[in-house]
Number of protein chains: 2
Amino acid sequence: MPEQSPLDLPEGDPFGPHNLPYGVFSLPGSPDGGETRRVGVRLGAHVLDAGAAAHALGSPYASLLAQPTLNPLLAAGPQTWSDVRRALTAWVTVPAHREAVRPLFHSLADVTLHLPFDVADYVDFYASEHHATNLGRLFRPDSEPLLPNWKHLPVGYHGRAGTVVVSGTDVIRPSGQRKAPSATEPTFGPSAKLDIEAEVGFVVGAPSELGSAVPLSSFRDHVFGLCLLNDWSARDIQPWEYVPLGPFVAKSFATSVSAWITPLEALDHARVAPPARDVAVLPYLDDSAEDEPGGYDLRITVSLNGEVISEPPFAGMYWTGAQMLTHMTVGGASLRPGDLYGSGTISGPEPHMRGSLIELTWNGAEPLELPTGKRTFLEDGDEITLTAWAPGPDGIRVGLGEVTGRIAPARTTD
Amino acid sequence: MPEQSPLDLPEGDPFGPHNLPYGVFSLPGSPDGGETRRVGVRLGAHVLDAGAAAHALGSPYASLLAQPTLNPLLAAGPQTWSDVRRALTAWVTVPAHREAVRPLFHSLADVTLHLPFDVADYVDFYASEHHATNLGRLFRPDSEPLLPNWKHLPVGYHGRAGTVVVSGTDVIRPSGQRKAPSATEPTFGPSAKLDIEAEVGFVVGAPSELGSAVPLSSFRDHVFGLCLLNDWSARDIQPWEYVPLGPFVAKSFATSVSAWITPLEALDHARVAPPARDVAVLPYLDDSAEDEPGGYDLRITVSLNGEVISEPPFAGMYWTGAQMLTHMTVGGASLRPGDLYGSGTISGPEPHMRGSLIELTWNGAEPLELPTGKRTFLEDGDEITLTAWAPGPDGIRVGLGEVTGRIAPARTTD
């Protein structure tokens, strides 16, 4: 039992009872077998053992929450997500319940956080107009930066689900083939242009049927919540390999996600209209008549070795999470609990709002000047951290869990 | 108990004791609860309940085989794969064992076959030079058909694991965006160019560590076996969406695999040298000094509504399964039991060896004349079946399980 209970948080704490993100934790070295993974809910700098709380209070959700991953909760669907959230809110706010759950909190300093769900399929989109424009200028300098399809559909591709790792996992520098435009032959070695991509991840809960598209209006029936996501990328491997079937080795070595999944219901006050679109879209992607705005006002900060290097604004994304979901399923692809899709790099209109080093340093031509030295791309030992918050009720912020990772040296060098 | 036991197969049956592929089956409507999925091994036109056989014979592999998927066996690694295969071979050939397992066979006509393993990540390659050349000519008529990277690395991309379906599953025609080159705007509707891709799938068993590449010589330590695979593709959706991040909606709606996984050990007589490569590769992909040849001589037949339309030869693939595996992991991507990777469409040098309709009909310009009518691309109700065999011991063929699928009408039409 912690000395200062999270039940007595100062008002306005971004991880207060208005937030309640979900994760999975264990208690290393616990003599009572606490190394078992179990679902936790964050309150302040503590985590509530959600299954134990449900059991202590005789809740019908005890078996759903006493699990090693969030997948059973994800699969349970939106009515259960609401009901469980209402129950959790009561447990940490109603006096009688508070006393029952008070002993079931653990300090974040004492627990190990794990990948909160088994990732089914992982898809990455490319939904920021500023990012796509910047990359187009860098990769295809002699053409229009945005390709003709970009404003007609949210461009996306499948990534590697098996290399999604939780925040705090070291990222081993990848090796691979690269060829400079001036070279005649490719060479092999550790990536010299290891980069980040600051993104938001959408966590799918409820499945859908093979052969049927999920309409825009069903976004909240399927998507459980959001996380932060860093899609590590090797910028020297990517241009050589990516034609004609897309990125592969350059992006499949690691994707980091935050340990906390913020339920959509905690972000109701953060909903905003997406930017005006200047090209009409086909009816299945037209969100102009939707009841609720499709954007989310998440304010993201990217730090390199503790120094802020970028502040990408998620509110300005051209395509919304609902549009990405609908496009992903329009051909009949089904959804499974644990599907994860990323927004693509979030970049805003100003230089300090760019969500990748290739944009921030203009492919290395304009190094960042940091207290720890100049940086073009990542060096071994560098640590990147994404944090974010969103507007919540009564002016209180909703904190998103950070995603951090440190670069370890390449293992394969020849 | 069947009337004619598979234990008395005529010599030379392609599913004899030299083959023994693995699948997963259930007994629909069985009064004894037989709807449970369990691992089966095919012999002739029958399937042996492998877990029940192991139990009856007191085998140590009973718990590994009495499972609803092949994943535990896949994860067990190459020594166990060999040991289990040796045991199974004894059960169907040694007289005393034969009597014990004789009652544990079911006719294929009486069982339902299921997806034999939970697919972890699905990757599709592009390893046939003839196919890549044909597609390059069709999609990029004004350029060199092979892109500069093609002979330096096996081009591949991640597909959707959640829409891999077992042979016999109907394939619902996808809808999506397409834009003719002459049109100014995209339109939406059911694909009018629904196609097949005749491929071989490699089923990964033993996992590998994140951050470490799997060398060519470790192919058999990780890959459990082969299946047939049909990567259904919407050729009108693909060209509009695939730049710059690769195919997405056009290929994520369904991928069919055969119900039987043929272990690599059953294919030892089918190993052949890959074709001579005319471009030197980097050392990690150089297989010229490997102990065993990397190709597999699989003779594939593609039928449309029962008529043979193509006979693609797998022996001629430019890149081998080992090279694909090594390239997939060279950046440090880890393997999980149940990872599946496809070879890409198999096309040979002659027109009747092309593994897709877009090649066979030259994008619809040269329709196939069939007894059931002209065909450019697939029509609703069409059924496509891939079958294959490989050279086995003593001149006996090794049969691969078929993969078949029928086209059902689109559900989303506007």
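Below, read A as the first sequence line, B as the second, and so on, with proteins coming before strands; counting in each chain starts at 1. Just so you know, these numbers use all the heavy atoms, side chains as well, and skip hydrogens, waters and symmetry mates. Being a predicted model, the structure only gives us computed values, none of them experimental.
Under a 4.0 Å N-O distance rule, the pair B/Asp286/B/Arg277 does not qualify as a salt bridge. For A/Arg406 and A/Asp382, the salt-bridge test fails: no basic side-chain N is under 4.0 Å from an acidic carboxylate O. Between B/Glu359 and B/Arg137 there is no salt bridge, since none of the side-chain N atoms of the basic residue sits less than 4.0 Å from a carboxylate O of the acidic one. A salt bridge links A/Arg235 with A/Asp195: at least one charged nitrogen is closer than 4.0 Å to a carboxylate oxygen. No salt bridge links A/Arg178 with A/Glu241; every basic N to acidic carboxylate O contact stays at or beyond 4.0 Å. Ion pairing between B/Arg160 and A/Asp339 holds under the 4.0 Å rule for side-chain N and carboxylate O.
In terms of heavy-atom pairs under 4.5 Å with chain B, the best-connected choice from A/Gly156, A/Ala132, A/Pro247 is A/Gly156. Annotation: maximal heavy-atom pairing with chain B below 4.5 Å, among A/Leu245, A/Ile172, A/Val119, A/Val155, occurs at A/Leu245. For the options A/Ala120, A/Gly332, A/Gly159, heavy-atom pairs under 4.5 Å to chain B are most numerous at A/Gly159. For chain B, the option among A/Phe248, A/Tyr157, A/Phe253, A/Phe139 with the highest count of heavy-atom pairs below 4.5 Å is A/Phe248. Between chain B and the options A/Ser334, A/Pro244, A/Ser252, A/Gly176, heavy-atom pairs under 4.5 Å are most frequent for A/Pro244. If you tally non-hydrogen atom pairs under 4.5 Å between each of A/Arg140, A/Lys179, A/Glu185, A/His327 and chain B, the highest count goes to A/His327.
Side-chain polar atoms of B/Thr69 and B/Asp118 form no donor-acceptor pair below 3.5 angstrom. A donor atom on one side chain and an acceptor atom on the other are not found under 3.5 Å apart for A/Arg173 and A/Ser191. Between the side chains of A/Trp232 and A/Thr255, no donor-acceptor pair of N or O atoms lies under 3.5 Å.
Of the two parts of B/Leu282, only the side chain, counted from C-beta on, holds a non-hydrogen atom closer than 4.5 Å to a non-hydrogen atom of chain A. At a 4.5 Å heavy-atom cutoff, the contact between B/Pro148 and chain A is made by backbone and side-chain atoms alike. Heavy-atom distances place both the backbone and the side chain of B/Leu153 under 4.5 Å from chain A. For a residue to count as touching a neighbouring chain, one of its non-hydrogen atoms must lie under 4.5 Å from one of that chain's; by this rule A/Val123 touches chain B with the side chain only. In this structure, chain B has a heavy atom under 4.5 Å from the backbone of A/Thr187, while its side chain stays farther away. Interface remark: A/Val171 contributes no atoms to any contact with chain B (heavy atom separation under 4.5 Å). The contact between B/Glu209 and chain A is made entirely by side chain atoms (from C-beta outward), counting heavy-atom distances below 4.5 Å. Heavy atoms of B/Leu335 lying under 4.5 Å from chain A belong to its backbone as well as its side chain. With a 4.5 Å cut-off on non-hydrogen atoms, B/Asp121 touches chain A through its side chain but not through its backbone. Proximity to chain A is limited to the side chain of B/Tyr126, based on heavy atoms less than 4.5 angstrom apart.
Nearest heavy-atom pair across B/Phe188 and B/Ser175 is CZ-CB, 3.7 Å.
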